[in-house]
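Residue numbers start from 1 in every chain, and the chains themselves are labelled A, B, ... in the order their sequence lines are given, proteins ahead of strands. Since the structure is predicted, the reported quantities are computational estimates derived from the model, not experimental observations.
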Protein chains: 2
Amino acid sequence: MNLCIAADLPAQYIHLMADTASNKPVTIKSIAKELGISFSTVSKALNNNPLVKEETRRLVLDTAKEMGYTPNSLAKGLRSNSTKTIAVIFNDIENPALTYIFRNISIEMANHGYTTMIFDSQFSEKQELANILTVLSRQPDFVILEPTTTNPENLNLLSGITQKLILQGARYESVNCHHVHVDYAQGGYMAACEMLSKGHRDCLVITTPLTIPISSQFVIGIKRAFEEYGVPFHDDMIKDTCNSSIMGGFQIMNELWDHESGRFSVPFTGVLTFDDTLAHGVYKAASQFGLRVPEDISVIGFDDNPLSAFSMPPLTTIHLPREKMAESCISILNAVLLENRTDTCVFSLEPYLVQRSSVYNLYKKK
Amino acid sequence: MNLCIAADLPAQYIHLMADTASNKPVTIKSIAKELGISFSTVSKALNNNPLVKEETRRLVLDTAKEMGYTPNSLAKGLRSNSTKTIAVIFNDIENPALTYIFRNISIEMANHGYTTMIFDSQFSEKQELANILTVLSRQPDFVILEPTTTNPENLNLLSGITQKLILQGARYESVNCHHVHVDYAQGGYMAACEMLSKGHRDCLVITTPLTIPISSQFVIGIKRAFEEYGVPFHDDMIKDTCNSSIMGGFQIMNELWDHESGRFSVPFTGVLTFDDTLAHGVYKAASQFGLRVPEDISVIGFDDNPLSAFSMPPLTTIHLPREKMAESCISILNAVLLENRTDTCVFSLEPYLVQRSSVYNLYKKK
DNA sequence: TTGTACGCGTTATCAA
DNA sequence: TTGATAACGCGTACAA
């Protein structure tokens, strides 16, 4: 890394910088003074108020452009009680499914003059609290939250804006607001069934902490599958981590690996992970321990990261309906923000299994 | 997708909602009225101003908490001329390297009370303009921009805040502001050298439009390598797309593919892409056309997406120093925002080649 | 130690 | 058609 202090400054910019440095920021008042008219007229002109003469309007618009006028959103928001801001609070914005959803909401709503802010709770209830407080202080017009907990403490802070709130992920019966519900239990169930149907009775589960509603649902679905198959499932097969990454998944595998005996301290043939990145941590561990996927370890992910299809082997995973999640959020935002609808929407979305090649069929004859 | 209207509402929330719906938002004024003191005393107490009696301070703090007081950032920002906001404008926030950088900045600066907003320019100069205007209107304390163009029109809008501006990516000599410069030319050079050294004289280049400074640099580096190797390179081997995704990469390959003859309309043995996602589009095309990577097509990516290491075959790529890019930004932010330093920093960062298995050595004996 | 007055940039109401 | 004025919530001199 190379640090140096820039010294050379082309001439044409010196003028510009001096200009803007010395001058106060240009406001409707400074435009008014420049033109010798009242600032309320300037305001009207800028807002295309028909009460101002076309000639004046043009003049104001031109001068504003010339002076480099930038409206002050703070003042606007303070006065009008609308900041044209949407706040999104997700658990992990590095998860590409969530990034996708955020990006699509952001781009779509920008067409209507809204700015979308994103906050990362890092699977932490405490961080979520901090995020909610920050968000609230910024007076957003709408909040989208993927909760870290069913504990109503954080959620209650949002009770004043339930008409302008989407809870994403699990279903929160106690809060009467919009929901974009994804059936993570069904996802876990399908993943587990895929394992069980191919003879994997001993499965490790790697997930984010079970205090997180969506991971809790995921595990509930897994247990339901084991029950239906009449296969016992022990809670100590569940390993959790806040580090939803390749390293996070790897570390859990590594802790279980006994380097002396060259085997895992608990026996299992399959691993169910709560996202594709964790699944790749399993891949990494397998490769490091000289194990083959899927012959020695079968793996199923969650999310359906676009790159997972190209992995060696292609990762069987649960597809998270990211497109529909984004669409659902956008349709609610449109209804509330643009059409002033007041009804409460609940979308229920289903994930589905994408069969690829990371699950070995133990019933298959060799 | 299943849409229904929520009707059931647990009793405990009805009270809460009625409460917050009927009550005005709680401000320092309402706290003052509640307590029968002046709102300026409340303000002082809330800001831990030592001029207020400890007893009063405690009382105010307690009442504020009880009433559910949320400070209004807009009013604060308007008054204090500091919004505690950092704005980041990137070309494609779905690129995991950029998401990583944004997330790390966001989490770090949140510890100091700053909120970081992100905007996506989608490789479009027009969208960048819209983003800059939006950003400016929101009065951020700092702006980080990955420019879409060397055209000074958009950059000039930021000339008033050069002390609070980082330009990321290429080097913009004309603007005297902080830089986090990554040598994309060197990256392109290394990628091309890797191809050429293994005998690939005919290479396709898939990149975002060359109007984007960083892709332009990338191509410059590639050309330098070809020149050094004395191998001719034709500009029509460069294909660009704004769709930096698997599909984007696939579509370009598909357009070149002649389904009748079962070969490409232009001959090449190697493909250099400007990011790993595009490279996977090449993988997809190869698989669809019955071609093998790397035996029939060699591919080198850019970015070093963590999952690329697991691809079939593992993708040779140029590692973008995301950690150092984030660190550099953070260190500038700390210097300017927290330490009030006024010097201009220029970080120069180098990408490096990560050799994996997606490049075939044509010199190798079969 | 507390209260008063003003201003930040804007919009909206009302009077001229 | 335009201008003066109040208000949004907050911070801060300055006065009490």
Side-chain angles (χ1 to χ4, degrees), chain A residues 23-61 63-64 67-85 113 133-134 136-141 160, chain B residues 23-61 63-64 67-85 113 133-134 136-141 160:
Chain A
N23 281 12
K24 297 260 174 192
V26 17
T27 68
I28 53 172
K29 275 187 186 161
S30 52
I31 297 176
K33 187 182 282 179
E34 177 77 21
L35 255 34
I37 61 179
S38 96
F39 71 86
S40 72
T41 304
V42 174
S43 172
K44 285 173 199 145
L46 254 18
N47 290 302
N48 291 321
N49 186 322
L51 294 179
V52 350
K53 194 164 49 176
E54 174 60 21
E55 188 188 326
T56 327
R57 200 179 69 84
R58 279 248 60 85
L59 183 64
V60 169
L61 256 45
T63 319
M67 296 177 70
Y69 169 70
T70 309
N72 185 320
S73 296
L74 301 180
K76 224 172 193 153
L78 186 59
R79 175 63 231 221
S80 67
N81 236 343
S82 161
T83 53
K84 294 284 184 181
T85 302
L133 293 177
T134 304
L136 251 22
S137 78
R138 292 180 175 266
Q139 323 286 124
D141 292 344
Chain B
N23 283 14
K24 296 261 175 192
V26 17
T27 69
I28 53 171
K29 269 187 191 163
S30 51
I31 297 176
K33 186 182 279 179
E34 177 78 21
L35 255 32
I37 60 178
S38 100
F39 67 85
S40 77
T41 305
V42 174
S43 173
K44 286 172 198 146
L46 255 18
N47 290 303
N48 292 321
N49 186 321
L51 293 179
V52 15
K53 192 163 50 174
E54 173 60 20
E55 188 188 327
T56 327
R57 202 179 65 85
R58 277 248 60 84
L59 184 64
V60 168
L61 256 45
T63 320
M67 296 176 71
Y69 169 69
T70 308
N72 186 321
S73 295
L74 301 180
K76 229 174 190 149
L78 187 58
R79 177 61 234 234
S80 68
N81 239 339
S82 161
T83 54
K84 296 283 186 180
T85 302
L133 293 177
T134 303
L136 251 24
S137 79
R138 292 181 176 266
Q139 323 284 127
D141 292 344

Peer 1: C:dG3, D:dG9, D:dG3: which one has an atom nearest the side-chain heavy atoms of A:L78?
Peer 2: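 The answer is D:dG9.
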
Peer 1: How many Å lie between CG on A:L46 and P on D:dT2, as a whole number?
Peer 2: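 Value for this atom pair: 14 Å.
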
Peer 1: To the side chain of B:P25, which of D:dG9, C:dG9, C:dT13 is closest?
Peer 2: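 Within the option list, the nearest is D:dG9.
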
Peer 1: So do B:R138 and B:T83 actually touch side chain to side chain, heavy atoms under 4.5 Å?
Peer 2: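 Counting from C-beta outward, B:T83 and B:R138 never come under 4.5 Å.
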
Peer 1: From the options C:dC14, D:dG11, C:dT10, select the nucleotide whose nearest atom is closest to the side chain of A:K76.
Peer 2: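 So the side chain of A:K76 is nearest to C:dT10.
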
Peer 1: B:S43 side chain to B:F39 main-chain N or O, any donor-acceptor pair under 3.5 Å?
Peer 2: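 No.
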
Peer 1: Does the D:dA4 base have a donor-acceptor partner in the side chain of A:S40 within less than 3.5 Å?
Peer 2: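 Indeed, a donor on one side and an acceptor on the other fall under 3.5 Å apart.
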
Peer 1: Does anything in residues 48-56 of chain A reach DNA chain D, meaning a heavy atom under 4.0 Å, and if so which residues?
Peer 2: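 Residues of residues 48-56 of chain A that come under 4.0 Å of DNA chain D are, in numerical order, A:L51, A:V52, A:K53, A:T56.
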
Peer 1: Can you tell me if A:E55 has over 12 outside heavy atoms packed within less than 6.0 Å of its CD?
Peer 2: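 No, because the 6.0 Å sphere around CD of A:E55 holds 12 heavy atoms or fewer from other groups.
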
Peer 1: Nearest-nucleotide wise, let me know which of B:G36 and B:S80 is further upstream toward the 5' end of DNA chain C.
Peer 2: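 First, find each residue's nearest nucleotide; the 5'-ward one identifies B:G36.
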
Peer 1: When the distance from NZ of A:K33 to P of D:dG3 is rounded to whole Å, what number comes out?
Peer 2: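 These atoms are roughly 15 Å apart.
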
Peer 1: Check the distance between C:dT1's P and B:R58's CZ and give it to me in whole angstrom.
Peer 2: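 So the two atoms are 17 Å apart, to the nearest Å.
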
Peer 1: Could you tell me the separation between the NZ atom of A:K84 and the C1' atom of C:dT11, rounded to a whole number of Å?
Peer 2: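 After rounding, the reported distance stands at 14 Å.
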
Peer 1: Just compare C:dC14, C:dT10, C:dG3 and give me whichever is closest to any side-chain atom of A:T27.
Peer 2: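 Among C:dC14, C:dT10, C:dG3, the one nearest the side chain of A:T27 is C:dT10.
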
Peer 1: What nucleic acid atoms does B:N47 come within less than 4.0 Å of, heavy atoms only: base, sugar-phosphate, or nothing?
Peer 2: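 Touches sugar-phosphate only.
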
Peer 1: Specify the residue among A:V26 and B:R57 whose closest nucleotide of DNA chain C lies further upstream toward the 5′ end.
Peer 2: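 The answer here is B:R57.
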
Peer 1: Is the distance from OP1 or OP2 of D:dC10 to the nearest side-chain N or O of B:S43 less than 4.0 Å?
Peer 2: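 B:S43 to D:dC10 OP1/OP2: no side-chain N or O under 4.0 Å.
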
Peer 1: So does B:S73 get a backbone contact from the side chain of A:S137, meaning a donor-acceptor N/O pair under 3.5 Å?
Peer 2: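 The answer is no, because no donor-acceptor pair under 3.5 Å joins these two groups.
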
Peer 1: Under 4.0 Å between a side-chain N or O of B:T41 and OP1 or OP2 of C:dT2?
Peer 2: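 So the side chain of B:T41 is outside the cut-off, no N or O lying under 4.0 Å from OP1 or OP2 of C:dT2.
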
Peer 1: First locate atom OG1 of A:T85, then atom CD of A:Q139, and finally report the distance between them rounded to the nearest 0.5 Å.
Peer 2: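 The OG1 atom of A:T85 sits 10.0 Å away from the CD atom of A:Q139.
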
Peer 1: Would the base of C:dG7 count as contacting A:K29 through its side chain, where contact means a donor and an acceptor less than 3.5 Å apart?
Peer 2: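 Answer no: no donor N or O sits under 3.5 Å from an acceptor.
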
Peer 1: Between A:I37 (CD1) and D:dT1 (P), how many Å, whole number?
Peer 2: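 For the pair A:I37 CD1 and D:dT1 P, the rounded distance is 14 Å.
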
Peer 1: Any side-chain to backbone donor/acceptor pair from B:N49 onto B:L51? Under 3.5 Å, distance only.
Peer 2: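 Here the side-chain-to-backbone pair exists.
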
Peer 1: Just checking, is any N or O donor in the side chain of A:S82 or A:S80 under 3.5 Å from an acceptor N or O on the other one?
Peer 2: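 There is no such pair between these side chains.
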
Peer 1: Rounded to the nearest 0.5 Å, what separates atom CG in A:L35 from atom OG1 in A:T41?
Peer 2: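 Here the interatomic distance stands at 10.0 Å.
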
Peer 1: Within this structure, what is the CG-to-C1' distance between A:N81 and C:dT11, rounded to whole angstrom?
Peer 2: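 Rounded to whole Å, this separation is 12 Å.
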
Peer 1: Distance check: side-chain N/O of B:N72 vs OP1/OP2 of D:dC8, anything under 4.0 Å?
Peer 2: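 Looking at the OP1 and OP2 atoms of D:dC8, neither is under 4.0 Å from any side-chain N or O of B:N72.
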
Peer 1: From the set C:dC6, D:dA13, C:dT13, return the single nucleotide nearest to any side-chain atom of B:R79.
Peer 2: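 Taking heavy atoms from C-beta onward, the closest nucleotide is C:dC6.
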
Peer 1: Round to the nearest Å and state the distance from A:I31 atom CD1 to C:dG9 atom P.
Peer 2: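 About 12 Å, once rounded to whole Å.
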
Peer 1: For B:K44 and C:dT1, what is the distance between atoms NZ and C1' respectively, to the nearest whole Å?
Peer 2: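 Spelled out: NZ on B:K44 to C1' on C:dT1 is 8 Å.
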
